[in-house]
Amino acid sequence: MSNPAVPPRSLAEALRARDDASLSALLRARPDLITPVPTDLTQLATRAGTRASVVRALERLDRFALQTAEALAVAADPAPYEELRALLTGDGGDPAVSSALPRALATLREQALVWGDDDRLRLVRTARELLAPSPQHPSPTGLGPTVQEATAGMSPGRIQDIVTATGLGSTHDSVSAVASLTALFTDRKRMSVLLAGLPEESREVLARLVWGPPYGQVTAEPAAHLRRLLDLGLLVPTAPGTVVLPREVALHLRGGRAHRAVEPLPPAVEPAATHRPQVVDATAAGQAYTALATVEELLKDWDEGGPAVLRAGGLSVRDLKRTAVALDVAEPVAAFWVELAYAAGLLASDGEADERYAATPAHDEWLEQPPAQRWVRLVEAWLTATRVSGVVGGRDAKERTLSTLGPGLDRSAAPEVRHRVLTLLAGLPEGASPSRESVLARLRWERPLRGPQREDDLRSRLAEWTLAEAELLGVTGRGALSGHGRALLGAAAPKTPDQVPESPGDKLPVHHRPSVAEPLSPAEQATASAAAARLLAPLLPEPLDHVLLQADLTAVAPGPLERSLAEVLDVLADVESKGGATVYRFTPGSVRRALDAGQSASDLHAFLAAHARTPVPQPLTYLIDDVARRHGHLRVGAASAYVRCDDDAILNEILADKRAAGLRLRRLAPTVLAAQADPASLLDGLRAMGFAPAAESAEGDVLITRAHAHRTPPRTAPEPVPDGPPIPDATLLTAAIRAIRAGDLASTTPRRQTDRPPPATGELPRTNSAETLATMQAAVLTGEALWIGYVNAEGAASQRLIAPVRVEGGFVTAYDHTADEVRTYPLHRVTGVAELADET
């Protein structure tokens, strides 16, 4: 550990002074730094300063922390704390900003974007390059270059002219002249006098440039009021026809503020309406039941094989429209249900030569679960899925249309945004639904966009889709988070302000604190899911074992039906309407469908009598008997196809019917007709003529036609695309920090001076075999530690700090401080040894 009394001279030294808890916080906030584990703290500091890592860290800062970093980028390097605060609060001061600044600075320090003591704050070089003003990349502050930077290419004579025009004494060199101008422009009193002497037109020009962009255009012969500004150095030419407002001048005109508007606190999520929690839960439960019914209906529609897979992957537009009509929803909503079933592993492509989408074996297991558990599985898949149905219909980078179930729908930020939006809802009082604008404003504060704000940015669209999809799934009801949705997140009901104790140094108001800080661990999520299922189960309607038969050949199901009843009724009748109650209609075709499936007339009568709360209407009894009496009287088989019937009068009637001309029938025997159509076409043609033929096998038996469920081979749900490296767990962090500290100890521990020249920084020690063996054996006797270079079997070189215990058989057994364990190393892989200095 470094001496805390000595100010750090580099980021590596600042990291070396941290304790293990602080390093853990850094690696948790920036997990890319631990992939792979750095060999020492110097390598960790180098990796923390790379452009890709710094950009990622900046993009995950909240608005005030980012504004603090932007202020440091336009401050002196290094800058004292008071200068930073002045840039954020201005000359008048702002208590809210002053109170929030320590927290923002602590965040920047924790993420290794800022290092140094309060009197010497340094923004890491890469972050300064990204945030500091430049002609190619304007600063978010709207400030321009300093006087020194703006006059860098100006001739010494011109600089002396500016110094003279401002009333300053001439100097002997440009450096002192620029220093005099800088001192003038940063002196509030002298600058006020200088600006007061300008004409009104000149002050108007400065006012237009003060908040940025700081660049303006002038002609070759500028007007008098512009010439006056150029003569005084208040505007500095940067290129022919272009001038810039120096940073010091702009800061004076702004009252010392680096930003026009500083936002130290996040905007509150405002409730738009408040409902009774019981109403919210009931509404959400009803929608949860609808979600389950919709997914079941989708998979039932694809039970015998769904739409074909496009060559490029995904559903065609026509198949999506057909699915939307079948589900009676809009196409974007149909795309959401299809993608949800895919994310839950309930459907996939079958992988056949003529590839189609179908239900997976997991779908059958899902159907056997209680409704509440089925809902939990769908919502868990939705929360973690990175595929986003909202982008369906858009275009990718190659201008190809994005299709449902196709490639290119992954948006790695989706799980984080969904979790964060629901967390914000969990922070509201029970029954309160938020306004859309306040949710979006809060998300933009927590993850501000770099560059111009856009209303259609991805995070805002993901948040809007989350609010809509949560309502479709029944996670929310009437816009408010339901009780079972809150349980699924592991969130407790929010307390009132007087129930929440203030934590020391916590400057956020109570209503800004989220109820859930981060996603749950797998074990915590399993517990939360079980709790959500328990809360939802009593709210879902119980399945019914009966229907109400009516004289108009319809049956009314006043609620959800038991699965066995629903399956038989789907074959025996056609669904006429859906809603709170489902209406089924019995037709000759539907009854024939049940008879084709192997049911007899007596079976159907018994089924209806057992499941009808009302007497079976006489018209329905007659319909079943009439269709059954005619069913199978005609037999169709394969000749190309034939029709046989014991009643030759019926065959005469068929031959005389003009509608049979297309079947090209001829009589082979008094009871047999032959056709040139195939059996399926012949069946359809005769049924269209009003007959009820039955298909028969080659042995003359009636063929029973049942729907054959088509299933894919076992499939796993699609893996979410991670948004960068995963956050390391406590075990990995502990091991990584131990390895980094050991490697840092090995690289920084002083070695004993010898006649041999010391190795260069990062170079492994080199000794011959005899010297290596002798030094090892001596260390065993004395118990001293050694610094060695080692090359493993893969050829990777490393330096290690070891305490040899035994040397024999060409191996050294030692306690390895780097790995914090006893290890055995082949001596032929040791490049050399070096003894540690006596003071260690």
Side-chain angles (χ1 to χ4, degrees), residues 58-59 61-76 79 81-101 103-105 107-108 123 127-128 130-147 149-150 185-186 188 191-192 195 202-216 229 234-236 243-268 437-438 440-455 457 460 507:
L58 290 175
E59 288 177 346
L61 294 175
D62 63 54
R63 189 181 301 280
F64 184 58
L66 184 59
Q67 287 182 326
T68 303
E70 291 166 353
L72 269 176
V74 296
Y81 180 85
E82 291 304 322
E83 180 181 349
L84 173 62
R85 182 170 63 180
L87 285 170
L88 290 169
T89 62
D91 295 342
D94 187 332
V97 174
S98 297
S99 299
L101 182 56
R103 175 180 58 84
L105 193 56
T107 299
L108 295 175
L123 191 65
R128 178 173 288 274
L130 289 169
L131 299 177
S134 69
Q136 295 77 21
H137 304 286
S139 169
T141 61
L143 293 169
T146 63
V147 173
E149 294 167 344
F185 292 163
T186 54
R188 291 284 190 266
M191 269 297 286
S192 299
L195 294 174
S202 299
R203 288 197 293 268
E204 289 178 358
V205 171
L206 296 179
R208 288 197 296 269
L209 299 177
V210 65
W211 290 109
Y215 294 91
L229 295 175
L234 299 175
L235 291 180
V236 178
V243 294
V244 67
L245 181 68
R247 185 184 308 171
E248 293 84 353
V249 178
L251 285 173
H252 174 83
L253 295 171
R254 295 179 178 194
R257 288 183 294 160
H259 298 85
R260 173 174 286 185
V262 179
E263 300 178 58
L265 297 177
E437 293 75 16
S438 65
L440 297 183
R442 177 62 171 266
L443 290 178
R444 291 194 189 105
W445 187 91
E446 293 178 347
R447 292 287 188 274
L449 290 175
R450 307 255 342 264
Q453 295 287 343
R454 303 188 307 273
E455 290 299 323
D457 67 276
S460 294
K507 303 301 181 181

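Of the possible polar contacts, none joining the Glu263 side chain to the Trp445 backbone as a donor-acceptor pair under 3.5 Å is found. Judged by distance alone, with hydrogens and angles left aside, the side-chain atoms of Arg442 form no donor-acceptor pair with the main-chain N or O of Pro266 at under 3.5 Å. Arg247 contributes no side-chain N or O that, together with a main-chain N or O of Pro145, makes up a donor-acceptor pair within less than 3.5 Å.
Closest approach of Ser438 and Ala268 over heavy atoms only: CB-O, 3.8 Å. In plain terms, the two heavy atoms of Arg128 and Leu72 that are nearest each other are NH2-O, 2.9 Å. Annotation for Val236 and Ala150: closest pair CG1-O, 3.5 Å, computed over non-hydrogen atoms. The minimum heavy-atom distance between Ala76 and Glu83, with the atom names listed, is N-OE2, 3.2 Å. Of all heavy-atom pairs between Gly142 and Pro214, the closest is O-CD, 3.6 Å. Nearest heavy-atom pair across Ala132 and Ser139 is C-CB, 4.3 Å.
Annotation: side chain of Leu61 is in contact with side chain of Leu108 (closest heavy-atom distance under 4.5 Å). A heavy-atom distance below 4.5 Å is not found between the side chains of Leu234 and Val205. Between Val74 and Leu251, the closest side-chain pair of non-hydrogen atoms is not below 4.5 Å. Between Thr141 and Leu87 the shortest side-chain heavy-atom distance does not fall below 4.5 Å. In this structure, Leu101 and Thr89 have side chains that are not in contact, with every pair of non-hydrogen atoms separated by 4.5 Å or more. Looking at Leu229 and Val243, their side chains never come closer than 4.5 Å, going by heavy atoms from C-beta outward.
Here the CG atom belonging to Leu253 is positioned 6.5 Å from the CG atom belonging to Leu245, to the nearest 0.5 angstrom. One distance of note links CZ of Arg188 with NE2 of His252; it measures 6.5 Å at 0.5 Å rounding. Here the CZ atom belonging to Arg63 is positioned 12.5 Å from the CZ atom belonging to Arg447, to the nearest 0.5 angstrom. One distance of note links CG of Asp94 with CG of Leu88; it measures 9.5 Å at 0.5 Å rounding. Taken to the nearest 0.5 Å, the CG atom of Leu143 stands 11.5 Å off from the CZ atom of Arg257. Interatomic distance, OG1 of Thr107 versus CG of Leu66, reported as 12.0 Å (0.5 Å rounding).
Checked options Arg254, Gln67, Glu70; the residue passing with His259 is Glu70 (criterion: side-chain hydrogen bond (donor to acceptor under 3.5 Å, both in side chains)).
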